[in-house]
*Asks:* 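Below you will find the structure I want to go over with you.
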Amino acid sequence: HGLSTIATGGFSTHTASIAYFGSDLIEWISTAFMFLADINYTLLYVFLIKGRLTFVWRDEELRLYILLLLATALGSTAILHYADGLAFTDALRSSFFNTLSLQTTTGFTDEDFMTWHPTVWLLLTFVGVFGACAGSTSGGLKLVRLLMLAKLVRAEFRQLLHPHAVLPTRISGTTVTAQMG
């Protein structure tokens, strides 16, 4: 299960997946490793081996990933706690676990989230489609593409307002060109 978590393969020796163990600790540990598996492995190398946190934190895709993860998991927690009546700690654990499981495309489960409020389904579908950071083992479209789309659309609108201006589009300090898109 440990290797399956970091490789985002999702293979389990039990049909109940992680729920088989019935352990909150195992779910939190799996959640932590799924979080690491979602991050660009080059950034993990730069942080863990080189110790350059400021370089890593400047990565716009990583910041978008963390923002999206927190918004989805905390939003799901609130919905599960207030609308579905789950205890706050159970809602928090299950929200983070399932958000990361779908975002990494690991596919581990701890309970049947189809019994949850439909708004949570929408949130989980969104993170499942976009996935995580480029350079990770996770599936999905990758967040750098969502970030690039948003920046290019913004640049086009700015270009409409200022047709003669040269307005380069950058992601984490690198200029995005038409050949890259």
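The model shown is predicted, which means the values in this text are computed figures rather than measured ones. Because only heavy atoms are used, hydrogens play no part in the values below, and waters and symmetry mates are left out as well, while side chains stay in.
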*Asks:* Any idea which heavy atoms bring Ser76 and Val120 closest together, and the distance?
*Replies:*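 Shortest heavy-atom separation between Ser76 and Val120 comes out as OG-CG1, 3.8 Å.
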
*Asks:* With the side chain counted from C-beta on, respond yes when Leu62 and Val56 share a heavy-atom pair under 4.5 Å apart, and no when they do not.
*Replies:*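 Yes, at least one pair of side-chain atoms sits under 4.5 Å.
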
*Asks:* Any idea how His81 and Phe88 line up, ring-wise: parallel (<30°), tilted (30 to 60°), or perpendicular (>60°)?
*Replies:*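 Judged by the thresholds at 30° and 60°, the geometry between His81 and Phe88 is perpendicular.
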
*Asks:* Is any side-chain heavy atom of Leu143 less than 4.5 Å from a side-chain heavy atom of Leu147?
*Replies:*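 Of all side-chain heavy-atom pairs linking Leu147 with Leu143, none is under 4.5 Å.
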
*Asks:* Strictly distance-based, threshold 3.5 Å: is any side-chain N or O of Glu27 a donor or acceptor partner for the main-chain N or O of Phe97?
*Replies:*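 Between the backbone of Phe97 and the side chain of Glu27 there is no qualifying donor-acceptor contact (under 3.5 Å).
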
*Asks:* Assigning hydrophobic clusters by single linkage (Ile, Leu, Val, Met, Phe, Trp, Tyr; side-chain heavy-atom cutoff under 4.5 Å), is Ile6 placed with Ile49?
*Replies:*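 Same cluster.
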
*Asks:* Rounded to the nearest 0.5 Å, what separation is found between the CG atom of Asp90 and the CG atom of Asp84?
*Replies:*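 Rounded to the nearest 0.5 Å, the CG-CG separation comes to 12.5 Å.
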
*Asks:* Grouping I, L, V, M, F, W and Y whenever their side-chain heavy atoms are under 4.5 Å apart, do Leu102 and Ile66 come out in a common cluster?
*Replies:*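 The answer is no; the residues belong to distinct hydrophobic clusters.
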
*Asks:* So, taking the atom named CZ in Arg58 and the one named OG in Ser172, what distance separates them when rounded to the nearest 0.5 Å?
*Replies:*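 Rounded to the nearest 0.5 Å, the CZ-OG separation comes out at 10.0 Å.
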
*Asks:* Could you check whether any side-chain N or O of Ser12 sits under 3.5 Å from a backbone N or O of His14, counting only pairs where one atom can act as donor and the other as acceptor?
*Replies:*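 Here the side-chain-to-backbone pair exists.
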
*Asks:* Test side-chain hydrogen bond (donor to acceptor under 3.5 Å, both in side chains) on Asp38 and Ser136 and set out the steps.
*Replies:* CA-CA 6 Å; Asp38 262 357; Ser136 70; 5.0 Å; no

*Asks:* Among Thr104, Thr72, Leu70, Leu74, find the one that has a side chain to side chain contact (heavy atoms under 4.5 Å, CB included) with Thr99.
*Replies:*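 Single pass found, and it is Thr72.
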
*Asks:* Would you say Gln103 and Leu68 make side-chain contact, with heavy atoms under 4.5 Å?
*Replies:*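 A side-chain contact under 4.5 Å exists here.
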
*Asks:* I need the Leu92 CG to Thr31 OG1 distance, nearest 0.5 Å.
*Replies:*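 Nearest 0.5 Å value for the CG-OG1 distance: 9.5 Å.
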
*Asks:* Are the side chains of Tyr65 and Phe35 in contact, using a 4.5 Å heavy-atom criterion?
*Replies:*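 The answer is yes; the side chains approach within 4.5 Å.
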
*Asks:* Same cluster or not: are Val129 and Leu124 linked, directly or through other Ile, Leu, Val, Met, Phe, Trp or Tyr residues, by side-chain heavy atoms under 4.5 angstrom apart?
*Replies:*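 No; tracing contacts between hydrophobic side chains, which count when under 4.5 Å, never links both residues.
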
*Asks:* In sequence, state the C-alpha distance, the side-chain angles, and the governing distance for Gln159 and Leu167, and then conclude on side-chain contact (heavy atoms from CB on, under 4.5 Å).
*Replies:* CA-CA 7 Å; Gln159 195 71 47; Leu167 304 168; 4.1 Å; yes

*Asks:* Could you check whether atom CZ of Phe55 has more than 12 heavy atoms from other residues, nucleotides or ligands sitting under 6.0 Å from it?
*Replies:*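 Counting other residues, nucleotides and ligands, CZ of Phe55 stays at 12 neighbours or fewer.
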
*Asks:* Would you name the heavy atoms of Ser4 and Phe11 that are closest together and state the gap between them?
*Replies:*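 Minimum heavy-atom separation between Ser4 and Phe11: OG-N, 2.7 Å.
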
*Asks:* How long is the gap from CG on Leu86 to OG1 on Thr77, to the nearest 0.5 Å?
*Replies:*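 Between atom CG of Leu86 and atom OG1 of Thr77 there are 9.5 Å.
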
*Asks:* Looking only at non-hydrogen atoms, find the nearest pair between Thr169 and Lys151 and report the distance.
*Replies:*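 Distance-wise, the nearest heavy atoms are CG2-CB, 3.6 Å.
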
*Asks:* Could you tell me the separation between the CG atom of Leu43 and the NZ atom of Lys50, rounded to the nearest 0.5 Å?
*Replies:*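 It is 14.0 Å, given to the nearest 0.5 Å.
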
*Asks:* Considering only heavy atoms from C-beta outward, does the side chain of Val127 approach that of Leu123 to under 4.5 Å?
*Replies:*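 With C-beta onward as the side chain, the pair stays apart.
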
*Asks:* Hey, is CZ on Phe33 packed in by over 12 heavy atoms from elsewhere, all under 6.0 Å?
*Replies:*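 Incorrect, the count does not exceed 12.
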
*Asks:* State plainly whether one hydrophobic cluster holds both Leu44 and Leu100, where clusters connect Ile, Leu, Val, Met, Phe, Trp and Tyr through side-chain heavy atoms under 4.5 angstrom apart.
*Replies:*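 Same hydrophobic cluster.
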
*Asks:* Can the ring centres of Tyr20 and Phe108 be said to be less than 6.0 Å apart?
*Replies:*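 No: the rings miss the under 6.0 Å criterion.
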
*Asks:* Between His1 and Ile26, is a side-chain contact (heavy atoms from CB on, under 4.5 Å) present by the stated rule, with each step listed?
*Replies:* CA-CA 10 Å; His1 281 90; Ile26 289 175; over 6 Å; no

*Asks:* Considering all heavy atoms of both residues, which atom of Asn98 and which atom of Thr109 are nearest to each other, and what is their separation?
*Replies:*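 That closest heavy-atom pairing would be OD1-CA, 4.4 Å.
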
*Asks:* Are side-chain heavy atoms of Trp116 and Ser94 found at a separation under 4.5 Å?
*Replies:*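 Side chain of Trp116 against side chain of Ser94, heavy atoms only: contact under 4.5 Å found.
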
*Asks:* Do Ile39 and Leu53 belong together in a cluster built from hydrophobic side chains that touch within less than 4.5 Å?
*Replies:*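 Same hydrophobic cluster.
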
*Asks:* Is the number of heavy atoms from other residues, nucleotides or ligands under 6.0 Å of Leu161 CG greater than 12?
*Replies:*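 Counting neighbours around CG of Leu161, more than 12 heavy atoms of other residues, nucleotides or ligands fall under 6.0 Å, so yes.
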
*Asks:* Please find out if less than 6.0 Å separates the ring center of Tyr41 from that of Tyr45.
*Replies:*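 They do not qualify: ring centres at least 6.0 Å apart.
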
*Asks:* What closest approach, in Å, do Gly173 and Arg170 show between heavy atoms, and which atom pair accounts for it?
*Replies:*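 Nearest heavy atoms, Gly173 then Arg170: O-CD, 4.0 Å.
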
*Asks:* Quick one: CD1 on Ile18 to OG on Ser101, what's the gap to the nearest 0.5 Å?
*Replies:*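 Separation between the atoms: 8.5 Å.
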
